[in-house]
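What follows is a short report on a single structure.
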Protein chains: 2
Amino acid sequence: MGVNDRSRCPVACTLDLLGDKWTLLVVRDLLLGKTTYTEFQNSPEGVPTNILAERLKRLQAAGVVAREKYQERPVRYAYQLTDKGRDLAPVLSAMVDWGNRYVEGTIPREAIEAMMKQGR
Amino acid sequence: MGVNDRSRCPVACTLDLLGDKWTLLVVRDLLLGKTTYTEFQNSPEGVPTNILAERLKRLQAAGVVAREKYQERPVRYAYQLTDKGRDLAPVLSAMVDWGNRYVEGTIPREAIEAMMKQGR
DNA sequence: CTAGTAACTTGTAATTTACAAGTAACAATA
DNA sequence: TATTGTTACTTGTAAATTACAAGTTACTAG
């Protein structure tokens, strides 16, 4: 993965992969411990299914997410973050802080961290 | 600004405002000390002019950016971040780190910080 | 009086998104 | 054996958004 054609700015390059309404929500779900297509679909925001499929492919292509078959007959897949994907945690963390400070009624960080521990 | 209709997740709420390819680049430019419409347009990514106008309005409406007339005859405007806008710095900072680590050829943080000091 | 600049607005084609429905492969139940 | 259910998607299409080019307004400078 090298720079793209927009610019060599690290922010612009990051946004080329993650700059939309849905991609970082998938990463969020993965950080929360969700692993299957259906779990992502069941998140409260309700990502359209074709968008979810496309984003999972893009994230795999970018090396942020890995898909593994965890069961044959019937075949089932689990998605998980790679190191590259887990290193997006600080971006999400900063968004949680900003959202908690400036958007009234958002779920506080502590409740989110509790959900993560639950997942493990 | 309260929660929206997608969910009460602070990440989702933040993405409702900032989750696209261009908005955070405007915030980046403001953090770098740029203030005018023309300066934003001249950034290397080349934001379409109608998109730029729309994003500046949204950011103003959200209280992230303030516009002030710094000159009459001819009338000229300067945009600047509010406290709420400046508090997005950690989000951008995390993106810089991630981009620098995982996207080859991106401008290093140190060079960006040097640009900020230049601006002041 | 002509050219230039800043800050936008407008029109339209191309692209992307949202929503609904459909599909393939299998499991479980009647 | 037939029907229903589940997972992980794909496909079709209308609606919304974006990209690109051109135009507009209000001035200044020469």
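Source: prediction; values computed, not measured. Hydrogens, waters and symmetry mates are skipped; everything else that's a heavy atom, side chains included, is used. Just so we're on the same page: letters track the sequence lines, and every chain starts at 1.
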Would you tell me if any nitrogen or oxygen in the side chain of A:K21 comes within less than 4.0 Å of OP1 or OP2 on C:dA18?
-> yes
Rounded to whole Å, CD of B:E72 lies from C1' of C:dA6 at a distance of 15 Å
Counting primed atoms, P, OP1 and OP2 as sugar-phosphate and everything else as base, the B/S/- map of nucleotides 23-30 of chain C against protein heavy atoms under 4.0 Å is ---SS---
Euclidean distance, atom CD of residue B:E45 to atom C1' of D:dT18 [Å, nearest integer] | 16 Å
Looking only at side chains, do B:Y77 and B:T35 share a donor and an acceptor under 3.5 Å apart?
-> no
Heavy-atom protein contacts under 4.0 Å, nucleotides 8-14 of chain C, coded B base, S sugar-phosphate only, - none = BBBB---
Minimum-distance pair of heavy atoms, taken over all atoms of A:S7 and B:E45 = OG-OE2, 2.6 Å
Under 3.5 Å side-chain donor-acceptor pair for B:T106 and A:R8 | no
What are the two closest heavy atoms between A:M95 and B:M95, and how far apart are they?
-> CE-CE, 4.2 Å
Would B:T36 and B:E39 count as having a side-chain donor-acceptor pair, cut-off 3.5 Å?
-> yes
Look up atom CZ in A:R28 and atom CD1 in A:I112, then write down how far apart they are to the nearest 0.5 Å.
-> 8.5 Å
Given the rule in the side chain to side chain donor-acceptor pair (under 3.5 Å) test, do B:T49 and B:Y37 qualify, once you have shown the distances and angles that lead to the verdict?
-> CA-CA 9 Å; B:T49 178; B:Y37 196 91; 2.8 Å; yes
For C:dA6, does either OP1 or OP2 sit under 4.0 Å from a side-chain N or O belonging to B:T36?
-> no
Do the numbers put A:R58 on top of the ring of A:W22, so that NZ or CZ is under 6.0 Å from the six-membered ring centre and no more than 45° off the axis?
-> no
Nearest-Å distance, CZ (B:F40) to C1' (C:dA6)?
-> 13 Å
Atom CD of B:Q71 and atom P of C:dA6 are separated, to the nearest Å, by 11 Å
Please check the phosphate of C:dA18 (OP1 and OP2 only) for any side-chain N or O of A:W22 closer than 4.0 Å.
-> yes
B:R58 has an atom CZ; how far is it from atom P of D:dA16, in whole Å?
-> 16 Å
A:Y79 versus A:E68: any side-chain heavy-atom pair under 4.5 Å?
-> no
Within this structure, what is the CD1-to-P distance between A:I51 and D:dA16, rounded to whole angstrom?
-> 15 Å
Send over the distance from A:Q60 CD to D:dC9 P, rounded to a whole Å.
-> 8 Å
Within this structure, what is the CG-to-C1' distance between A:L25 and C:dT17, rounded to whole angstrom?
-> 15 Å
